[in-house]
Amino acid sequence: MTPLRILLALGCSSLVAAPVTVFTNGKILTVDDAFSVTDALAVEGARIVAVGEAAKTLGRQGAGVEVVDLGGRTMLPGLMDSHSHPVGAATMEFDHAIPDIENIPQLLEYISSRAKSLPEGSLIGIDQIFITRLKEQRYPTLEELDRAAPVHPVQFRTGPDSMLNSAALRLAGIGRGFKVPAGQTGVVVFDEAGEPTGLMHAFSPKIEAKAIRRQPNPAETLQLVKRLFADYNSVGFTTIADRGAGQSGIEVYRKLKESGELSVRLRLSHTFGAGGQWRTTEAALDEIIKNPLSRPDPMLQIIGTKIWLDGGMLTGSALMAEPWGVSRIYGITDKEYRGVQRTPSEHLTKMIRKVSEAGLQFTAHSVGDGAVQLLLDAYEAVNQEVPVQASRPSITHSNFMTPASIAQAARLGVMVDMQPIWFYLDGATLLKQFGDERMSRFQPLRTLFDAGVVVGGGSDHMQKIGSLRSINPYNPWLAMWIAVGRHCRDLDRTLHPEGGISREEAIRLYTINNAKVLFLERETGSLEVGKRADFIIVDRDVLACPLDDLKTTQVRETWLDGKRIWTAGVEQ
Ligand SMILES: [Zn+2]
C-alpha cells in the first residue's frame with residue numbers, strides 16, 4: 001500500500017498530498033488478458049491505483065479525491081503506433097505544401113509547377129507517391145515526365161524504386177549499355193531497343209544536380225515535431241515507435257524530453273549501415289549498444305536496430321518466394337523476377353547475434369514472403385547458439401507470410417509489426433497482380449493471432465501531418481476497422497474476410513500487443529493496477545457501435561502518466 005492509500009484507509013484524507021482521481025460511470029476496456037470491462041478506475045500521480053469496485057470505494061473517501069463522471073463514455077488504454085518516421089514526416093512540407101496526388105495528370109501538373117518555381121537544372125524530387133495508389137496504377141512514362149519538365153531533371157521516387165526523366169538519366173550517366181556498378185544492388189530497366197526506360201528497382205542513381213529545398217533549422221524542426229506529436233495525441237496515441245531513427249532525429253527527441261515537452265512515449269529502432277564491411281557494421285552496432293538512450297526509460301528509449309532486407313510491395317521490389325509475374329503495373333518484364341534483396345545474407349546472422357546478445361531488438365524491413373523466410377531462417381540459425389526470444393526479434397511489415405513461416409515465428413517468439421492501412425490502400429492493386437490465392441497470405445492476421453504470434457499495428461507514417469491526409473495515414477481507428485472488416489479501397493467487396501480479427505483483437509494490436517513489441521508491457525498498454533495512467537476517452541462505444549462507425553471514432557481526451565495532455569476542442 002502506498003502512503004496515500006494508508007492515509008485514506010485511516011480516514012486522514014485531509015493530510016493527503018498527492019490527489020487521487022477516480023473515474024466512474026464509464027465503460028472501461030482494461031485490455032487485460034481477459035479483456036475485462038469495468039466501470040471505474042483510480043489514478044494517483046502517474047499510476048493506476050485501483051480498478052472496478054476498489055476504485056469506487058476510493059471514490060467515496062471524500063476529501064483529497066476528485067471524482068470524474070465519465071457519463072457512460074468509453075475509456076481505453078492510450079494507443080500505440082509501432083511504426084512511424086516522425087521527424088521526416090513532420091518536416092516534409094516545410095518548403096512547400098504538397099498536394100494530394102491521386103492520378104498521373106495531378107502528378108504531372110505538380111511536376112510542371114515545380115519546374116516553374118525552381119531554377120533550371122535543379123532536381124525535382126518526388127518522394128513516396130505509390131503507383132499502386134494512383135488511379136492509373138502505373139509509373140509515369142519517360143515521355144510524360146519529359147513533357148512536364150523538359151529541362152529540369154526529375155526523380156520520381158517510390159520506396160526504393162524510382163523513375164527518371166531524360167535529363168535525370170543524362171545527369172546520372174545512365175544510357176545504352178549501362179551496368180549497375182560492382183558493389184551496388186538494384187536493377188535498371190531497358191526497353192527492347194536497349195534504351196533505359198527511366199525505371200530502376202532498388203538502385204540509387206547519382207544524379208549530378210542540386211535539389212533546392214528550404215530546410216527547417218533545429219528550432220523549427222522541434223516545433224514541427226511537437227505539432228505532429230500533438231496530432232498523434234488527438235487520435236489517441238500515447239506511444240510511438242520511430243522505425244528508422246538516426247542521430248539528428250534522436251537529438252530532437254532528446255531536447256523535447258529534456259524540456260518536458262514530449263507528449264508521446266518514444267521507442268526507437270536505430271538505423272546503421274549494414275551493407276559494407278563487417279568491421280564497420282560492428283563498430284556502428286557497438287555505438288548503438290553503448291548509447292545511454294539504450295537503457296530502459298519510460299519516455300525515450302532506443303529499443304533496437306533496423307535494417308532493410310528487401311524492397312517494397314507498393315513498388316514492385318519486395319522479395320517474394322515465387323516470381324512476381326510479368327507486370328504492366330510494376331514494369332516487370334522478367335518472368336523469373338522475385339524482387340530485390342537489399343542487405344546481403346552474409347552478415348545477417350552476425351548482426352542478429354550481436355544485437356540480441358546486447359538485449360536489443362533486431363528488426364528488418366521484410367515485405368515479401370521470400371524476405372520474411374530469409375529473416376526467420378537467420379533468427380533460427382542464431383537461436384541454435386543463443387536464445388533470441390528475450391530480445392523480441394521482430395519482422396517489420398511482414399506483408400506476405402506462409403502458414404509455415406507463421407508457425408516458425410510462433411516457435412521462435414518472433415514478433416511482427418504490420419500495417420493494416422496498406423491492406424486498404426493497396427489490396428485491390430495487389431489482387432490484380434497476385435490473384436486471389438496468393439492474396440490469402442497477405443496480412444494473415446487471423447492465422448497470426450491463432451498461432452500466438454505477437455503482432456502489433458503501425459502506420460509507417462512518413463509524410464505530412466494529419467491522420468488521414470498523411471502518407472501513410474496514421475489514423476488508428478481506420479486501421480482497426482480494416483483489420484476487422486478487411487476492406488479495400490477500390491474493391492466492391494472485402495478481401496479474404498476470414499483473415500480478419502475481432503474488435504477486441506484489433507484494439508490489442510494498438511495497445512498491449514504493441515506494448516509487448518516495444519518493451520513497455522510492464523508500464524503501459526493495458527489499464528491495470530500499478531501501470532502508468534496512459535488512457536483515452538472516446539466518443540462512442542467502440543465494441544458495440546456499427547462496425548463502419550469504428551473508423552470515425554473521435555477521441556475526447558488523451559492522458560499520459562496521469563496528466564491530461566490533449567482535450568478535443570481546446571487549443572493545445
Ligand atoms: Zn517505415
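None of the values given here were measured: they were computed from a predicted structure. Ligands are counted one by one from 1 in listed order, and the atoms in each one are counted from 1 as well.
Between Asn233 and Thr558, the side chains place no donor N or O within less than 3.5 Å of an acceptor N or O (distance only, hydrogens not considered). Side chain to side chain, Ser269 and Arg243 meet the donor-acceptor criterion of an N or O pair below 3.5 Å. A donor-acceptor contact closer than 3.5 angstrom is absent between the side chains of Glu505 and Asn513.
Under 2.8 Å from the Zn ion (ligand 1) lies no N/O/S atom of His365, from backbone or side chain alike. For residue His397, no N/O/S atom approaches the Zn ion (ligand 1) to within less than 2.8 Å.
Aromatic ring pairs are classed by plane angle as parallel below 30°, tilted from 30° to 60° and perpendicular above 60°; the pair Tyr424 and Trp481 is perpendicular.
Geometry at the Zn ion (ligand 1): NE2/His83 and OD1/Asp460 form an angle of 90°, nearest 10 degrees.
If you look at His85 and ask which of its N, O or S atoms sits nearest the Zn ion (ligand 1), the answer is NE2.
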